[in-house]
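Everything on this sheet refers to the single structure shown next.
In this text the structure is predicted, and so the values were computed from the model without any measurement.
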Amino acid sequence: MAEERGERRRWGTAAAHGAAAWAALFGLVHVHWLAGGTIGLPPGTSVTSNLPLLVIDIVAIPLCAVAVAVALAPVRPWGRRVPGWLLHAAVWGSAALLAVHAAPSVVDWLALASGRLAVADLDPMARFATVVYEPVFLTGGLLFGLTGLGCLRGR
């Protein structure tokens with residue numbers, strides 16, 4: 001039992017560090033876009049000339065910084081000062097929010113996998129969302145979920 005708990009804690013710690021790295025990288029991508037960069041965006045898309053995307057970036061950057069802290073709190077000594085209920089809500093809420101964000105793309109992923117839809121059939125923004133953006137959200141959700149499973153049980 002203790003050995004199983006130790007193993008779960010090890011992969012939970014790895015997931016927490018992965019979730020923190022995911023959030024930091026995602027935040028840096030948003031900083032890059034906010035500064036006028038276009039790496040990773042569909043051709044011809046600029047965040048600075050698209051008000052909704054600009055607002056998303058302005059909101060996403062501090063949220064990503066908070067997400068780094070949320071991911072690391074279960075595995076860092078300073079995280080013990082965070083009330084357990086708040087840490088659970090933050091980790092599981094992050095996992096749920098990210099997974100729910102990606103959920104609508106599951107239909108497109110299944111259509112692509114079954115051959116009913118081809119990537120070429122998607123317009124550039126839909127292609128970007130389906131093939132790049134939403135899988136990134138799902139990855140973050142899975143990392144936060146694994147953090148919760150590995151680090152928060154019994155806390």
Just grab all the side-chain hydrogen bond (donor to acceptor under 3.5 Å, both in side chains) pairs involving residues 120-136, residues at least two apart or on different chains.
H101-E134

Are V47 and F128 grouped together when hydrophobic residues (ILVMFWY) are joined by side-chain heavy atoms under 4.5 angstrom apart?
yes

Are L51 and L41 connected in a single hydrophobic cluster, I mean Ile/Leu/Val/Met/Phe/Trp/Tyr linked by side-chain heavy atoms less than 4.5 Å apart?
yes

Quick check on W85: does its CH2 atom have over 12 non-hydrogen neighbours (other residues, nucleotides or ligands) under 6.0 Å away?
no

Distance from [X] atom [atom1] to [Y] atom [atom2], nearest 0.5 Å?
X	Y	atom1	atom2	value
L53	T45	CG	OG1	7.5 Å
L142	F137	CG	CZ	13.5 Å
L122	L117	CG	CG	4.5 Å

So P104 and V106, do their side chains get closer than 4.5 Å, heavy atoms only?
no

Review item, side-chain donor-acceptor pairs of residues 60-74, under 3.5 Å, at least two apart:
none

Test side-chain contact (heavy atoms from CB on, under 4.5 Å) on L98 and L143 and set out the steps.
CA-CA 10 Å; L98 294 166; L143 287 167; over 6 Å; no

Pick from I56, V55, L54: which one makes a side chain to side chain contact (heavy atoms under 4.5 Å, CB included) with I58?
L54

Can you list the steps and then say if V75 with C151 is a side-chain contact (heavy atoms from CB on, under 4.5 Å)?
CA-CA 7 Å; V75 297; C151 296; 3.6 Å; yes

Pair F144-L97, side-chain contact (heavy atoms from CB on, under 4.5 Å): steps then yes or no
CA-CA 10 Å; F144 275 93; L97 178 68; over 6 Å; no

What side-chain donor-acceptor pairs closer than 3.5 Å can you find for residues 17-37, not counting sequence neighbours?
from: H17; atom 1: ND1; to: T13; atom 2: O; distance (Å): 2.9
from: W22; atom 1: NE1; to: V136; atom 2: O; distance (Å): 3.0
from: H30; atom 1: ND1; to: D57; atom 2: OD1; distance (Å): 2.2
from: H32; atom 1: NE2; to: T38; atom 2: N; distance (Å): 3.4
from: H32; atom 1: NE2; to: I39; atom 2: N; distance (Å): 3.2
from: W33; atom 1: NE1; to: I39; atom 2: O; distance (Å): 2.8

Between L112 and V119 the two heavy atoms that sit nearest each other are CD2-N, 3.5 Å

